[in-house]
Amino acid sequence: MPELPEVETVVRTLAPRLCGSVIARIATTASRVFRGRQKEIEAALAGKRILEVRRHGKNILIELGTRLLRIHLGMTGKLLFDPVNATHPRATLHLRNSQARVLVFDDPRHFGRFELIEDVSALALGPDPLEISPSEFTQALHARRGPVKSLLLNQAFLRGMGNIYTDESLFQARIHPLTPACAVPPEKAKALHEAMRRVLLEAIEQGGSSISDYVDAEGREGAFQSQHRVYGREGKPCSRCGEVIRRIVVGQRGTHYCERCQPAPRGIRSPVAGAK
DNA sequence: TGGAATGTTCGGCT
DNA sequence: AAGCCGAACATTCC
């Protein structure tokens with residue numbers, strides 16, 4: 001579910017209801033959700049006032065004054081004010097002084113995590129794609145040799161890009177996903193920087209992409225999935241040139257692109273269907 | 001039934 | 001020695 005635009009949307013729905021309220025306690029049905037010692041985290045949360053809710057990459061940070069509660073939604077995690085909508089509740093924050101009585105963490109696949117940290121520096125993430133400058137981005141890109149697709153997904157390189165918005169941005173910038181990062185021409189690097197901004201900002205405006213069951217904390221779906229040009233469109237015609245959208249695997253992730261709009265650079269052979 | 005799914009982490013190799 | 005790659009994590013859906 002959650003890439004930068006979805007997490008940003010969730011944070012925007014959380015903040016007005018959570019800020020200023022007090023966590024009475026956290027109740028847990030799956031201790032796996034905690035990174036760190038469960039007892040310690042439970043004790044540290046009880047009675048704390050929430051001062052601020054913000055996003056750091058794909059992480060939701062809940063400012064408790066002395067420490068931060070970091071929530072990562074993983075692949076299928078949702079935070080819901082209405083517990084009735086939770087199919088696989090893993091943890092429940094009971095709140096005081098809030099419009100909401102509870103906030104439920106619903107997460108079928110158990111990939112999400114709650115963790116206490118002192119500072120965001122502990123997460124060691126790269127710059128936000130909406131904050132990095134074009135020249136910084138180009139410079140960083142040219143220092144790396146792996147496929148540009150994999151690099152954009154690397155949170156230590158850039159924080160917040162996920163599979164959907166990476167594929168969409170590479171399409172917009174007309175860059176083949178297997179292009180070595182250092183081989184992306186400077187003008188295309190600039191185009192990629194612009195494409196990420198455009199795609200991410202538009203997706204935030206649309207409340208994110210609801211491709212399986214993503215909803216924000218109020219249970220509302222996003223609308224950006226209707227704007228996808230390549231992600232999830234394998235076999236369908238390219239909206240720009242009519243060529244069939246292809247799907248390959250790059251770094252173990254499904255990767256969608258248009259072979260005509262995003263031609264393979266010299267020396268890169270796109271995997272052919274049926275090849276071994 | 002096998003494969004794929006919005007993601008991260010860890011171990012091993014170079 | 002950083003960077004890169006693949007396996008693993010758990011569940012649902014088609």
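The chains referred to below are lettered A, B, ... by the order of the sequence lines, with proteins before strands, and numbering in each begins at 1.
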Engineer: Check for me whether A:Arg17 meets the cation-pi criterion with A:Phe81, that is, NZ or CZ under 6.0 Å from the six-membered ring centre and within 45 degrees of the ring axis.
Structural biologist: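 Yes; both conditions hold, so A:Arg17 lies above the ring face of A:Phe81.
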Engineer: Using heavy atoms to find the nearest nucleotide of DNA chain B for A:Asn59 and A:Thr255 separately, return the residue whose nucleotide is more 5′.
Structural biologist: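 Final value for this comparison: A:Thr255.
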Engineer: Which residues within residues 119-140 of chain A lie with some heavy atom under 4.0 Å of an atom in DNA chain B?
Structural biologist: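 Residues of residues 119-140 of chain A that come under 4.0 Å of DNA chain B do not exist, since none gets that close.
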Engineer: Strictly by side chain to side chain donor-acceptor pair (under 3.5 Å), give each pair with a member in residues 232-245 of chain A just once, sequence neighbours left out.
Structural biologist: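 Every pair satisfying side chain to side chain donor-acceptor pair (under 3.5 Å) with a residue in residues 232-245 of chain A: A:Arg229-A:Ser239.
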Engineer: Side-chain heavy atoms under 4.5 Å apart, restricted to Ile/Leu/Val/Met/Phe/Trp/Tyr: what other residues fall into the cluster of A:Leu125, or is it alone?
Structural biologist: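 For the cluster that includes A:Leu125, the remaining residues are A:Leu61, A:Leu68, A:Ile117, A:Val120, A:Leu123.
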Engineer: I'd like to check the side chain to side chain contact (heavy atoms under 4.5 Å, CB included) partners of A:Pro186; sequence neighbours left out, ordered by chain and number.
Structural biologist: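 A:His142.
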Engineer: Can you tell me which nucleotide in C:dC4, B:dT9, B:dA5 comes closest to the side chain of A:Arg145?
Structural biologist: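 The closest nucleotide is C:dC4.
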Engineer: Output yes when at least one side-chain N/O atom of A:Arg35 is less than 4.0 Å from OP1 or OP2 of B:dT9, else no.
Structural biologist: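 Yes, A:Arg35 has a side-chain N/O under 4.0 Å of OP1/OP2 on B:dT9.
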Engineer: With Watson-Crick and G-U wobble geometry limited to distances under 3.5 Å, how should the secondary structure of DNA chain C be encoded in dot-bracket form, using | for bases paired to another strand and [ ] for crossing pairs?
Structural biologist: .||||||||.||||
Engineer: If the condition is side chain to side chain contact (heavy atoms under 4.5 Å, CB included), which residues does A:Lys149 pass it with, not counting sequence neighbours?
Structural biologist: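 A:Lys149 satisfies side chain to side chain contact (heavy atoms under 4.5 Å, CB included) with A:Leu153, A:Asn163, A:Thr166, A:Asp167, A:Leu170, A:Pro177, A:Val250, A:Arg253, A:Thr255 once adjacent residues are dropped.
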Engineer: Angle class for the A:His193/A:Phe137 ring planes (parallel below 30°, perpendicular above 60°, tilted otherwise)?
Structural biologist: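 Judged by the thresholds at 30° and 60°, the geometry between A:His193 and A:Phe137 is tilted.
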Engineer: Would you mind listing every salt bridge (Lys or Arg N to Asp or Glu O under 4.0 Å) that reaches into residues 137-147 of chain A, with sequence neighbours excluded?
Structural biologist: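 As it turns out, there is no salt bridge (Lys or Arg N to Asp or Glu O under 4.0 Å) pair with a partner in residues 137-147 of chain A once direct neighbours are skipped.
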Engineer: Checking A:Arg32 now: which residues fulfil salt bridge (charged side-chain N to carboxylate O under 4.0 Å, His left out) with it, not counting sequence neighbours?
Structural biologist: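 Scan of A:Arg32 (salt bridge (charged side-chain N to carboxylate O under 4.0 Å, His left out), adjacent residues dropped) gives none.
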Engineer: At less than 4.0 Å, is any side-chain N or O atom of A:Arg144 found next to OP1 or OP2 of C:dC4? Yes or no.
Structural biologist: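 It does, given that an N or O in the side chain of A:Arg144 lies less than 4.0 Å from OP1 or OP2 of C:dC4.
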Engineer: Work out which heavy atom in A:Ala44 is nearest to a heavy atom in A:Leu116; give both atom names and the distance.
Structural biologist: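 Smallest interatomic distance, heavy atoms only, reads CB-CD1, 3.3 Å.
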Engineer: Distance criterion of 3.5 Å, no angle test: do you see the side chain of A:Ser209 paired donor-to-acceptor with the base of B:dT6?
Structural biologist: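 Such a pair does not exist between side chain and base.
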Engineer: Checking contacts here: which listed nucleotide (C:dC4, B:dT9, B:dG7) is nearest the side-chain heavy atoms of A:Arg70?
Structural biologist: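 The nucleotide sitting nearest to the side chain is B:dT9.
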Engineer: B:dT6 and C:dC4: how far apart are their C1' atoms, nearest whole angstrom?
Structural biologist: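 To the nearest whole Å, 23 Å.
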Engineer: For nucleotides 11-14 of chain B, which of its nitrogen or oxygen atoms have a protein nitrogen or oxygen under 3.5 Å away, and what is each distance?
Structural biologist:
none

Engineer: Take atom CG of A:Asn154 and atom C1' of B:dT9, then tell me their distance rounded to the nearest Å.
Structural biologist: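 Result: 12 Å.
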Engineer: Applying ring-ring contact (aromatic ring centres under 6.0 Å, His included), can you list everything that pairs with A:Tyr231, at least two apart in sequence or on another chain?
Structural biologist: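 With neighbours one apart ignored, the set is A:His228, A:His256.
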Engineer: Regarding A:Arg113, tell me which of base, sugar-phosphate or nothing describes its non-hydrogen contacts under 4.0 Å with the strands shown.
Structural biologist: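 Contact class for A:Arg113: none.
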Engineer: Which atom names give the shortest non-hydrogen contact between A:Leu14 and A:Ile60, and what distance separates them?
Structural biologist: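 Looking at all heavy atoms of both residues, the closest pair is CD1-CG2, 4.1 Å.
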Engineer: What's the CE-C1' distance between A:Met75 and B:dA4, to the nearest Å?
Structural biologist: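 Rounded to whole Å, this separation is 9 Å.
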Engineer: Over all strands shown, is A:Tyr165 touching base, sugar-phosphate only, or nothing at heavy-atom distances under 4.0 angstrom?
Structural biologist: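 Nothing, no heavy atom under 4.0 Å.
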Engineer: Nearest whole angstrom, please: distance from the C1' of B:dT6 to the CD of A:Gln206.
Structural biologist: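 These atoms are roughly 17 Å apart.
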Engineer: On the nucleotide B:dG7, are OP1 or OP2 found under 4.0 Å from the side-chain N or O atoms that A:His72 carries?
Structural biologist: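 No, no such contact exists.
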Engineer: Can you give one letter per nucleotide of nucleotides 5-14 of chain C, 5' to 3': B if a protein heavy atom sits under 4.0 Å from the base, S if only from the sugar-phosphate, - if neither?
Structural biologist: -BB-BBBS--
Engineer: Can a donor-acceptor pair be found, under 3.5 Å and without considering hydrogens, that links the side chain of A:Glu136 to the backbone of A:Ser133?
Structural biologist: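 Yes, A:Glu136 side chain to A:Ser133 backbone: donor-acceptor pair under 3.5 Å.
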Engineer: How many Å lie between CZ on A:Phe157 and C1' on C:dG3, as a whole number?
Structural biologist: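 Interatomic distance, CZ of A:Phe157 to C1' of C:dG3: 13 Å.
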Engineer: Side-chain heavy atoms under 4.5 Å apart, restricted to Ile/Leu/Val/Met/Phe/Trp/Tyr: what other residues fall into the cluster of A:Val230, or is it alone?
Structural biologist: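 Joined to A:Val230, directly or through intermediates: A:Phe171, A:Ile245.
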